[in-house]
Every structure is written in C-alpha cells, then in structure tokens.
Participant: 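Can you read through this structure? Questions will come right after.
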Amino acid sequence: MVDSTMDSTWYKDAVFYELYVRAFKDSSGDGNGDLRGVLSRLDYLQQLGVDCIWLLPVNPSPLRDDGYDVADYLNIHSDFGTLEDFKALVGGVHQRGMRIIVDVVVNHTSDQHPWFIESRSSKTAAKRDWYVWSDTDQRYADTRVIFKDTEQSNWTRDPVTGEYYWHRFYTEQPDLNYDNPDVQQAILDIMDYWLGMGIDGFRVDAVPYLFERENTTCENLPETHQYVRRLRKHFDTQWPGRIMLAEANQWPQDVREYFGDNDEFHMAFHFPIMPRLFMALKQRTRKSIVDILNRTPAIPPSAQWCIFLRNHDELTLEMVTEDERQYMWEQYAPDDRMRLNLGIRRRLAPLLDNDQRRVRLLNALLFSLPGSPIIYYGDEIGMGDNVQLPDRNGVRTPMQWDSSKNAGFSDVDAPYVPVIDDADFGYRRVNVSGQQADPGSLWYVMRHMLTVRKQYRAFGRGAFEFALPDNEAILGYWRVYTGDSVPATGANTERFLVLVNLTDEPQRSEIDLSEFAGRTPTDVLTPDQSWPEITEASYVFELAPYAYHWLRI
Ligand code: NOJ
C-alpha cells in the first residue's frame with residue numbers, strides 16, 4: 001500500500017505513465033475504454049515498472065476537446081464508468097504500490113457546464129461574473145490565439161445577451177473568471193473532492209492563463225502565482241504528500257516561477273527540452289539540448305521537472321524560434337496532415353521512422369536527464385499514429401494488446417476510432433503480447449531501463465552537469481547523487497556519466513576523467529560489457545551508432 005505522507009517527495013523518483021482512459025481497455029463492450037478496463041490492466045503497468053499513472057480527464061463532457069471541456073466536475077463520464085469504478089481503480093493502484101494523479105481543468109469549463117449555462121442566461125444572472133464577459137472583442141488585444149487552426153479570436157459573441165465571452169481554447173471552452181473569489185473557491189473545493197477519494201494529486205491543465213489584464217499577454221500573471229500559492233498552502237496543510245503538476249507550456253525561466261520558493265507547484269513539465277531532443281538527432285549535434293538546459297534555472301530542492309517525449313497533444317513547437325519551427329516541420333512533418341496548430345501530430349516511433357536505435361536512444365535520455373519521466377501510453381511498444389483522423393485523435397488510438405480483433409482492446413465491430421492497421425505499425429505487428437514474448441523487444445528494453453533506473457537515486461534526485469567531449473555528435477552529462485544512505489548500492493555517492501551518440505555513425509572522442517584514475521566504469525544497462533580502466537591520461541572512447549551508456553564511475 002502506498003502512503004504519500006511517508007515519503008512526501010516520492011514524485012522525484014517516480015516514473016509516470018500518461019493514460020487516455022478511452023483508448024486503454026474496453027471492459028463494457030461499448031467500444032470505449034473505461035475505468036474497469038484500466039483496473040484490469042494494472043498488473044501490466046506494474047510489470048513495466050510504472051510508479052504513477054496520470055489519467056486524462058474523466059469527467060462528463062460533450063468532448064469538444066476530449067474531456068478538457070468539463071460539464072460536471074464531480075462525476076465520471078458515462079462512457080468511462082462510475083464514481084464506484086473510480087474508487088475501485090484508486091484502490092487497485094494503491095494496492096500495487098503505485099500512485100495515480102488525474103487532470104484537473106481549472107482555466108475553463110465546457111459551454112455545457114451549468115455554471116456557464118446560467119452565466120450566459122442574462123447580464124444579471126447570479127453566475128454572470130463566473131466567466132469573462134465584455135461588450136467589445138477588443139480587450140486584451142496582446143493575447144495570442146492558441147488553437148490557431150480553428151479559432152480566429154479569443155472572444156466569441158454570445159447571441160443571448162450580445163456580449164462577448166473570453167476563451168483561450170475552443171469557443172466551446174469559456175474561461176472562468178478568477179477575479180471572482182467564488183470561482184477560486186469552487187476550484188479548490190473540486191480538488192478537495194477528488195483528493196478525498198484518495199488520488200495522489202493533479203496534473204493541472206492550462207495554468208498560465210487564469211487571469212486577464214490589459215496590456216499584457218494574459219499569461220503568467222502575478223495573480224496566477226498568488227492563487228497557486230493559496231492552493232499549495234492548502235495542499236501542505238490538508239493533503240501532505242499529494243502533488244500538483246503544472247502544465248505551463250512556457251520558457252524555462254517562466255516555468256521556474258511556478259515552483260516559487262517551494263510554495264507553488266511540486267512539479268512542472270519541461271516543454272522546451274522535448275522538441276530539441278528530436279532536433280539534435282536530425283542536426284547530428286547536441287547543441288540544441290545543451291543550449292536549453294543551460295537556459296534552465298535551478299529549481300528548489302523539493303521541486304521536480306517532468307520530462308516527456310510525446311503526449312496526447314501535438315508535438316508542440318511553441319517553445320522554439322520561428323526558424324527552428326520551420327526546420328522541425330520540414331524534417332518531421334513533410335505531409336501537411338501531420339501539422340496542427342504550432343505542432344506535429346505524430347507519435348514517437350513514426351517520427352523516428354520506426355528506427356529502433358533512435359527510439360531506444362531517446363528513451364535512454366528520457367530516463368536519465370533531470371526530472372521525472374512520463375511515458376505516453378503505447379510508446380513503450382512503439383505504437384503508430386493515424387494522421388487521417390481529425391484534431392489530435394490520430395495519436396489517441398486504441399492500445400494494441402494483441403493480434404486479435406481490435407488489438408484486444410474491444411470486441412465491438414467499430415471502436416471509438418479504428419485501431420492502427422497499417423503495414424509498419426498495425427496491431428498484428430505491434431502489440432504488447434508479441435513484445436512480451438520477445439526478450440529483444442522495445443517493451444523489454446523499456447522495462448529494463450526502468451528497473452535499472454529504480455536501483456539508484458541519481459537519476460531522479462542527482463545533480464546534473466554537462467560533460468562535453470570535443471566531438472559535438474556526442475552528448476555527455478553527469479548525474480551525481482550524494483545522499484546519506486543509499487541502501488540499493490551500499491555506497492554513499494552515486495556517480496553516473498551518461499554518454500550518447502546522436503548519429504548513425506561511430507563516433508570517437510575523449511574526456512578528462514583523471515580524478516577517477518584507477519576506477520573502471522560499468523554501464524549499468526549492460527554490465528557485461530567491459531570498459532577500459534580510467535588512468536591519468538585522457539579517457540578515449542568510441543560509441544557505436546546511436547549508442548547510449550549509463551556509466552557508473
Ligand atoms: C492542454 C491539454 O493538454 C490539451 O489537450 C487541451 O486541449 C488544452 N490544455 C485545453 O484544455
């Protein structure tokens with residue numbers, strides 16, 4: 001059983017798994033995955049080595065934005081099950097020593113939410129002030145439109161009263177008015193409600209946009225930080241050990257502010273590192289990765305980054321320069337259908353041409369760079385995507401369990417979207433049961449990396465420093481943990497040198513390791529492989545194409 005109060009910084013060592021309930025496993029036979037389906041596959045997640053599951057929104061919703069348009073915060077969408085099912089899932093997760101966080105959508109609701117229905121009903125409605133209304137669409141003109149492909153403006157005129165309401169996402173997602181103290185309290189109450197059901201925390205959606213102020217971008221405003229501090233204080237006093245993970249797709253110095261002084265978020269996604277991992281492979285140099293990590297400020301000791309390769313959205317190119325965005329589109333989205341808003345709607349394996357060497361390499365970085373890694377469901381077996389589906393649905397297709405009908409996801413003739421069935425990624429070729437029967441599969445490689453990662457604290461908690469050999473095709477960095485007691489290794493210090501070859505050719509270089517003369521490195525991923533002893537002389541090494549090593553020194 002887990003007890004989050006026992007180790008209140010558990011999230012620093014945790015491996016997260018992002019799971020779209022509709023896509024995972026259909027237990028009711030209606031073509032939609034559901035909570036009971038997830039419950040039935042918890043053993044699978046445990047075998048893989050997952051510590052914490054993150055569920056995409058499960059509340060009732062008209063699904064204009066796949067549940068990020070909530071119509072009732074206190075219930076479960078009927079496609080997914082009931083509150084009883086939810087509690088059973090939380091129990092099942094905890095029984096297995098895992099944890100579970102869920103999305104909480106705080107910035108906006110669905111236009112079908114009773115709050116908005118009341119708010120729009122008249123200018124004098126009791127909840128009029130729960131949303132942001134204006135008699136002109138000219139206010140907050142410095143604010144960008146995020147869903148560029150669908151929305152022309154952040155304002156929509158509502159025919160009922162003739163006024164405009166504010167929305168940072170789809171028209172059907174009106175923004176809540178955080179200047180209203182009742183809204184602030186209502187969202188806090190919703191969090192209490194779910195925490196009371198035993199969950200371990202939240203992924204907090206769309207954090208930067210809570211407040212609006214004239215002559216600003218309406219992002220990352222001081223008022224937002226003030227509200228987050230209020231939430232955190234509440235967590236610290238009422239819910240110790242439960243966490244808030246910020247979704248703030250911003251530059252590192254702006255996201256840094258969301259950790260506050262240990263008094264805002266426990267965790268935050270590091271968005272800008274992600275596209276740069278892909279960029280580095282195409283450019284055959286570590287430059288972009290080094291740049292962004294050098295631009296990433298230090299964070300408070302109990303805070304933690306969350307890093308990821310792919311998620312349920314498009315591969316966002318918001319946090320790159322205009323030139324870099326064009327480059328990424330040219331390189332990774334040659335077909336127009338692959339592009340969406342400022343991003344690329346493709347999955348990990350297809351992005352990497354299904355080249356297993358590159359898939360493994362990026363995962364080896366994901367599991368050893370600073371932060372807690374998040375695996376997007378299906379990426380552990382290298383699932384494909386379907387760019388013919390609208391919006392981001394192409395990366396949200398059914399989980400591929402086996403080679404039976406609908407990949408073992410559902411018995412119905414037509415699941416919510418078709419299972420991937422193409423030549424390279426079709427379910428008969430790419431599925432869990434096939435990979436579990438093949439010790440050389442990606443699934444085993446991933447599980448092995450997770451197993452090894454868990455034996456050390458250096459990857460989740462260790463200091464980070466670059467170790468940069470002359471050859472720029474090689475990325476190297478130190479992860480060093482100097483804890484008091486490290487029972488797993490019997491030593492006090494864990495020191496890793498991670499070395500990766502970003503190219504498809506062998507690369508040689510050398511590095512000064514003289515301070516460790518006399519020691520012999522071991523790659524903890526492949527301990528049978530031998531490495532030369534370190535001497536006073538420069539340490540010369542050669543890396544095979546796309547090789548990665550976690551060298552314990
Ligand atoms: C971020 C979520 O990841 C995305 O899927 C959603 O559309 C927006 N927030 C709006 O809630």
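Side chains are part of it too, since the values below use all heavy atoms of this structure and drop only hydrogens, waters and symmetry mates. Whatever order the structure lists ligands and atoms in, that order sets their numbers, starting from 1. Starting from 1, each residue takes its place in the sequence as its number.
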Participant: Step through it carefully: locate the ring centre of Phe147, locate the ring centre of Phe169, and say whether they are under 6.0 Å apart.
Facilitator: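 Close enough - the centres of the two rings lie under 6.0 Å apart.
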Participant: Can you list every protein residue that has a heavy atom under 4.0 Å from any atom of ligand 1, sorted by chain and residue number?
Facilitator: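 For ligand 1, the residues that come within the 4.0 Å heavy-atom cutoff are Asp65, Tyr68, His108, Phe147, Phe169, Arg203, Asp205, Glu247, His312, Asp313, Arg392, Arg396.
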Participant: Mind checking whether Phe202 and Trp239 have ring centres under 6.0 Å apart?
Facilitator: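 No, ring centres 6.0 Å or more apart.
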Participant: Taking salt bridge (charged side-chain N to carboxylate O under 4.0 Å, His left out) as the definition, give me every residue that meets it alongside Arg347, ordered by chain and number, with sequence neighbours left out.
Facilitator: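 Here the qualifying residues are Asp379.
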Participant: Under a plain distance cut-off of 3.5 Å, with no hydrogens placed, do Arg128 and Thr161 share a side-chain donor-acceptor pair?
Facilitator: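 The criterion, which ignores hydrogens and geometry beyond distance, is satisfied for Arg128 and Thr161.
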Participant: Let me see the working for Leu55 and Leu89 under side-chain contact (heavy atoms from CB on, under 4.5 Å), right down to the final yes or no.
Facilitator: CA-CA 11 Å; Leu55 297 188; Leu89 178 61; 4.0 Å; yes
Participant: Testing the basics here: between Asn262 and Ser302, what is the closest heavy-atom pair and its distance to 0.1 Å?
Facilitator: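 Heavy atoms of Asn262 and Ser302 come nearest at OD1-OG, 2.6 Å.
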